[in-house]
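Every number for a ligand or one of its atoms is a count from 1 in the order of the listing.
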Amino acid sequence: MNEPADLVVVGAGPAGLAATATALSGGLRVVLVDSGTTVGGQYWRHPPEHARAAIATGDLHHGLRTYRALCRALAAHRAAGRLDLLLGHHAWSAVREGDGFAVHAVDRRDAPRETTVVLRAPRLLVATGAYDRQLPFPGWDLPGVLTAGGLQALLKGGGVAAGSRVALGGTGPFLLPVAAGLAARGVEVVAVCEAAHPRAWLRHPVPLLRNPGKWAEGAGYAATLARHRVPVRPRTAIVAAEGGARVSAVRIASLAPDGSPRPGTERRVEVDAVGVGWGFTPQLDLLVPLGCALTESADGNAVAAVDADQRTTVPGLYTAGETCGVGGAALAVNEGRLAARSVLADSGTDPAPANRPPTALRSAVARQRAFARAMALAHPVPPAWPEWLTDGTVVCRCEEVTAGAVRAARADGAHDHRQVKQLTRAGMGWCQGRMCGPAVHCLTARGRAYEPAERLVATPVTLGALADLDEGPQTPQTPQSPRAAQSPRAAQAQQAPTDNGHTDKECS
Ligand SMILES: Cc1cc2nc3c(=O)[nH]c(=O)nc-3n(C[C@H](O)[C@H](O)[C@H](O)COP(=O)(O)OP(=O)(O)OC[C@H]3O[C@@H](n4cnc5c(N)ncnc54)[C@H](O)[C@@H]3O)c2cc1C
């Protein structure tokens, strides 16, 4: 793309793809950045192009027609030179610059070498999704214990089942597709331990009735699980994992309504892999330092505060998808479209007439958000969960901080994860609290929403890449790197928007 971009979109998941396609259809020039090697985000994660023919993942996907239509739209605009698609680029910072934004990213396609790029545009749309919310328990750091999302990512991204005898635990409907995908590949899923009780859904009849598609999807998973005789156990939890070099068994207990294990119900089940998921935590790293206001969502997370059309509280900054609260891919797509319509309106441009009108999008978003809220209320983190932890259970894996140390910090007056970090180093390691932050928060500041710490650098960046920033002038919109001349692929990326390491076929 030779002209300045009108919009930078970070994240090529359902929200970012839909936003990009809508913005392009209105005539904007867009740079779309994603740290992954293919577009699609978590929901439409696919194996790399060279392996797709050999790995069957079709049964794991829904909404592929929408995905393919979005990919076709992007491919056409790329060919026309209106879209720069930068895969393998991780945005580590976004800052205000003049009337617009500068997004700093590292190009990791030539890893381990990293090169910096700066992307500038008057408007920025952040669609960075979410990551698995984890609650520690004894043994959760054993090899073979994964997040539920991690198990799903291995399946969708590589056709890999992490074990042959797997236990799943946590809460929320997401456990069902993971179990169904594994069972359909011959994995023995010994139990799906759901901490909540399905009766909790009955308290939210209206969102249930207004989202029949969700029930159809749930019924499909239930049929697969029944066919493979996978037991789904409500009000139970994996309260410990055991093993040596890797996990060899889990302890499963029935839960009282507050989530405390019922005495005498614990049993040991042999497994070779475990998947645990307690919902997701929105990925707000780029939004928080820009001053975007947050609000509380029903699942106990802080999420980006947006108006009815996905504008954040920062002028020129928009966000869509799971940064606004966890609610699934269909909602993310609608929010992405709505956000892009706002970008178009604020740029004085009309969207293409074929696009869905904003009133229809707003009403779909409201309906799907109501369902997401019901889901969060029906699948809460059990209040008594900390009872599962011994003082020796590691909570922060990077810095090896135990539950005992966190409790001692709380006894010393720490009342949120930031203060615990100052006293114990929990959250100070490589992942910067992404894994342990929600758990430390639950252990110290219950009753308040979890707000992630402000991270000025959203991903670890090499000093060499940072040093690049001081070298040489950088032109406004296109990715610029002083090292580009040394890297044939990076040079290619700048010259030819249709050949920057991602073929159009990868979208199909
Ligand atoms: C591991 C995992 C697996 C999941 N699997 C499923 C599933 O199988 N089925 C289901 O219904 N839901 C799944 N979900 C929930 C899923 O996130 C949503 O339903 C849906 O994908 C949300 O769409 P989104 O566009 O908001 O975010 P995402 O799909 O998460 O897309 C966000 C994109 O932003 C990119 N990104 C994030 N930060 C940066 C950055 N700083 N720089 C550059 N790129 C960045 C990511 O690489 C990603 O491609 C999963 C979630 C996780 C965390």
Side-chain angles (χ1 to χ4, degrees), residues 8-20 31-46 57 59-63 66-67 70 85-94 103-108 117 119 124-134 146-157 172-182 214 217-218 221 275 277-287 289 303-304 310 319-337 339 368 372 375 434 455 457-461:
V8 173
V9 178
V10 184
L17 283 179
T20 301
V31 179
L32 173 60
V33 194
D34 198 291
S35 52
T37 53
T38 58
V39 300
Q42 302 293 0
Y43 188 70
W44 287 319
R45 182 188 286 275
H46 284 84
T57 59
D59 64 307
L60 301 171
H61 286 288
H62 291 87
T66 306
Y67 167 75
L70 291 171
L85 176 58
L86 302 176
L87 296 172
H89 284 63
H90 204 127
W92 58 268
S93 160
V103 175
H104 295 268
V106 275
D107 175 354
R108 292 186 166 145
V117 298
L119 312 161
L124 171 62
L125 199 157
V126 174
T128 45
Y131 50 92
D132 287 273
R133 178 162 62 182
Q134 286 301 289
L146 286 88
T147 65
L151 282 178
Q152 183 77 335
L154 284 173
L155 268 188
K156 283 187 170 177
F174 179 55
L175 297 176
L176 303 180
V178 181
L182 288 169
K214 296 278 184 189
E217 192 180 332
Y221 297 134
W278 296 95
F280 300 98
T281 301
Q283 176 65 268
L284 304 174
D285 285 354
L286 297 178
L287 293 167
V303 300
Q310 305 300 134
T319 188
E322 312 240 290
T323 47
C324 306
V326 173
L331 171 60
V333 165
N334 283 329
E335 287 186 348
R337 288 181 174 141
Q368 291 164 329
M375 180 175 73
R434 285 180 187 83
R455 302 182 185 105
V457 178
T459 180
V461 182

Taking distance alone, with N or O pairs closer than 3.5 Å, would you say Ser35 contacts ligand 1?
yes
Decide whether an N or O pair under 3.5 Å exists between Ala91 and ligand 1.
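So ligand 1 has an N or O lying under 3.5 Å from an N or O of Ala91.
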Please determine which of Thr319, Leu287, Thr128 meets the side chain to side chain contact (heavy atoms under 4.5 Å, CB included) test together with Val10.
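Only match with Val10 under side chain to side chain contact (heavy atoms under 4.5 Å, CB included): Thr128.
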With side chain to side chain contact (heavy atoms under 4.5 Å, CB included) as the test, pick out the partner of His61 among Trp44, Tyr43, Tyr67.
Trp44
For [atom], the protein heavy atom that lies nearest, with its residue and separation:
| atom | value |
| --- | --- |
| atom 20 (C) of ligand 1 | Tyr43 CB, 4.0 Å |
| atom 34 (O) of ligand 1 | Gly11 CA, 3.2 Å |
| atom 50 (C) of ligand 1 | Gln42 CB, 3.6 Å |
| atom 13 (C) of ligand 1 | Phe174 CE1, 3.7 Å |
| atom 16 (C) of ligand 1 | Glu322 OE1, 3.5 Å |
| atom 48 (C) of ligand 1 | Asp34 OD2, 3.4 Å |
| atom 14 (N) of ligand 1 | Phe280 CZ, 4.0 Å |
| atom 25 (O) of ligand 1 | Ala15 N, 2.9 Å |

Counting from 1, what ligand 1 atoms have a heavy atom of [X] closer than 4.0 Å?
| X | result |
| --- | --- |
| Gly41 | 29 (O), 31 (O), 48 (C), 49 (O) |
| Gly149 | 1 (C), 2 (C), 3 (C) |
| His89 | 43 (C) |
| Ala127 | 32 (C), 33 (C), 34 (O) |

Side chains of Val39 and Asp34 in contact at under 4.5 Å (non-hydrogen atoms)
no
When rounded to the nearest 0.5 angstrom, what is the spacing between OG1 in Thr57 and CG in Leu155?
9.5 Å
With heavy atoms only and a cut-off of under 4.0 Å, state how Ala458 meets ligand 1: side chain, backbone, both or neither.
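The answer is neither.
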